[in-house]
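Notes follow once the structure below has been shown.
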2 protein chains.
Amino acid sequence: MQTRLPPSNLYLREEELRRGVELLYFAYRDFTGDPDNILIKQQFGRAHHRVLYFVGRNPNIPVSGLLKLLRITKQSLSRVLSQLMDEGYIVQEQGIMDRRQRLLKLTEKGIKFEAELFSSQRERIARAYKNAGPEAVSGFWEVLLNIIDGEHRDSVLKQIEK
Amino acid sequence: MQTRLPPSNLYLREEELRRGVELLYFAYRDFTGDPDNILIKQQFGRAHHRVLYFVGRNPNIPVSGLLKLLRITKQSLSRVLSQLMDEGYIVQEQGIMDRRQRLLKLTEKGIKFEAELFSSQRERIARAYKNAGPEAVSGFWEVLLNIIDGEHRDSVLKQIEK
DNA sequence: AATAATCAGTCAATATTCCTGACATAATAA
DNA sequence: TTATTATGTCAGGAATATTGACTGATTATT
């Protein structure tokens, strides 16, 4: 096994680091291409997808929570969110604990559309997981998690571990 | 070891697939943030970085080659490339085999700037590789490569394996 | 040699996404 | 009462990318 070999830092050479950069770039591009092709039909963009995705994953998230998660300005979110609400994909309810808050959740229509978008990515990810095998997948998660800023890692873990 | 455990497809459940989606999103965001902060000072954007990166990795690449690699239109490339040439980061030479071609390469100034941009990402990637270990890194590469479209995988391998 | 195709560049118009700044309203906290 | 927070909106602008149309130089085809 790799772990029984004498320690080697060959995987930390410049070529191996650049390999990570390039694989991330190309994989991310193809991976976002699937939903992009569906979104374009509804005159939506990647920003709409992100909102649908994270509202779907965090029902009743307040607007401020979504802004922190996506790290965009409320002006940027405004247009996208308004369109999604106008077209019946998302609804907001006044908060109970804090009535200033607007809690966001997907409608039935939103749930269906998000599922369609996710399914276009699911096939790609599932195929990649299957081809690479469970150990590779663990490594994939481990490296990605360590690429994320330390200060944000907790919120990501909270996001993905449920 | 994982490989001695009875076969399991738990890693192919929806939760695990969504974990991949989310880790990719957050990791890609932080990972592109490092060079973004440097680029903004020179009034450059992410598009300039991509051109600098791939010209650096493919010296004497013709314009058409860069267009194929980046999958953008020549009109999009035009503005970015003109700026990079005007400011002395990239030069072009007439092709020898085919004198219609303009072969691109980084100047000394371009090499230094690309190195600065890469170094901001190198620390992040190297730390992630080191924390995760060589086996995890292999898995990371394996999964990313399988996420890339089959039809593009060869050109990516050609790009990264040198 | 004439014609067609390719590589590169440019001009114009447009779309999308995101930004900063300023201001307003309602609700909560000090 | 005053300050702060959560949300929303208006205005203006920047960056990235698109499609379409056209030009010039060079190479390939017939």
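In what follows, chains are A, B, ... by sequence order, proteins preceding strands, each numbered from 1. What you see is a predicted model, and the numbers here were worked out from it, not measured in a lab.
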Practice task
Give a yes/no on whether any side-chain N or O of B/S64 is located under 4.0 angstrom from OP1 or OP2 of C/dA8.
Solution key: yes

Exercise for the section: Assess B/R50 against A/Y25: is NZ or CZ under 6.0 Å from the centre of the six-membered ring, and within 45 degrees of the ring's axis? Expected result: no

Problem - Whole angstrom value for the distance that separates C1' of C/dT25 from CD of A/Q94 - result: 13 Å

Problem - Degree of bending in the helix from C/dA1-D/dT30 to C/dA30-D/dT1 once both end axes are built from five pairs, to 10° - result: 30°

Fill in the blank from the handout: note: A/I96, atom CD1; C/dA27, atom P; distance rounded to Å ~ 15 Å

Problem - Whole angstrom value for the distance that separates C1' of C/dA26 from CD of A/Q101 - result: 13 Å

Problem - B/I147 reachable from A/V21 in the ILVMFWY side-chain graph, under 4.5 Å edges - result: yes

Handout entry: Modelled atom types, side-chain donor and acceptor of B/E22 and A/Y53, under 3.5 Å
Key = yes

Handout entry: Interatomic distance, A/R100 CZ vs C/dA27 P [rounded to whole Å]
Key = 10 Å

Completion exercise
To the nearest angstrom, the CG-C1' distance between B/L67 and C/dT6 comes to 13 Å

Exercise for the section: Mind telling me whether B/F26 and A/F54 have parallel, tilted or perpendicular rings, with 30° and 60° as the class edges? Expected result: tilted

Practice task
Would you mind reading off the distance between B/M85 atom CE and C/dA8 atom P, rounded to a whole angstrom?
Solution key: 11 Å

Handout entry: Note, B/R29 side chain near A/R71 side chain (heavy atom, < 4.5 Å)
Key = yes

Exercise for the section: Among A/V55, A/T107, A/I90, find the residue that satisfies the side-chain contact (heavy atoms from CB on, under 4.5 Å) test when tested with A/L84. Expected result: A/I90

Practice task
Sugar-phosphate means primed atoms, P, OP1 and OP2; the rest is base. With that split, encode nucleotides 12-21 of chain C 5' to 3' as B, S or - using protein heavy atoms under 4.0 Å.
Solution key: -----SSBBB

Problem - Nearest-Å distance for atom pair CG/P, residues B/L81 and C/dG9 - result: 7 Å

Handout entry: Cluster overlap A/L117 with B/L24, hydrophobic side-chain contacts below 4.5 Å
Key = yes

Exercise for the section: Determine whether the aromatic ring centres of B/Y89 and B/F44 lie less than 6.0 Å apart. Expected result: yes

Exercise for the section: Without swapping roles, check the side chain of B/N131 against the backbone of A/N146 for a donor-acceptor pair under 3.5 Å. Expected result: no

Exercise for the section: Report yes if some heavy atom in the side chain of A/V80 is under 4.5 Å from a heavy atom in the side chain of A/I72; otherwise report no. Expected result: no

Exercise for the section: Please list, in 5' to 3' order, the outermost nucleotides of DNA chain D lying under 4.0 Å from any heavy atom of chain A. Expected result: D/dT5 to D/dC10

Practice task
Determine whether A/E93 and A/R102 make a side-chain contact, defined as any pair of heavy atoms from C-beta on separated by less than 4.5 Å.
Solution key: no

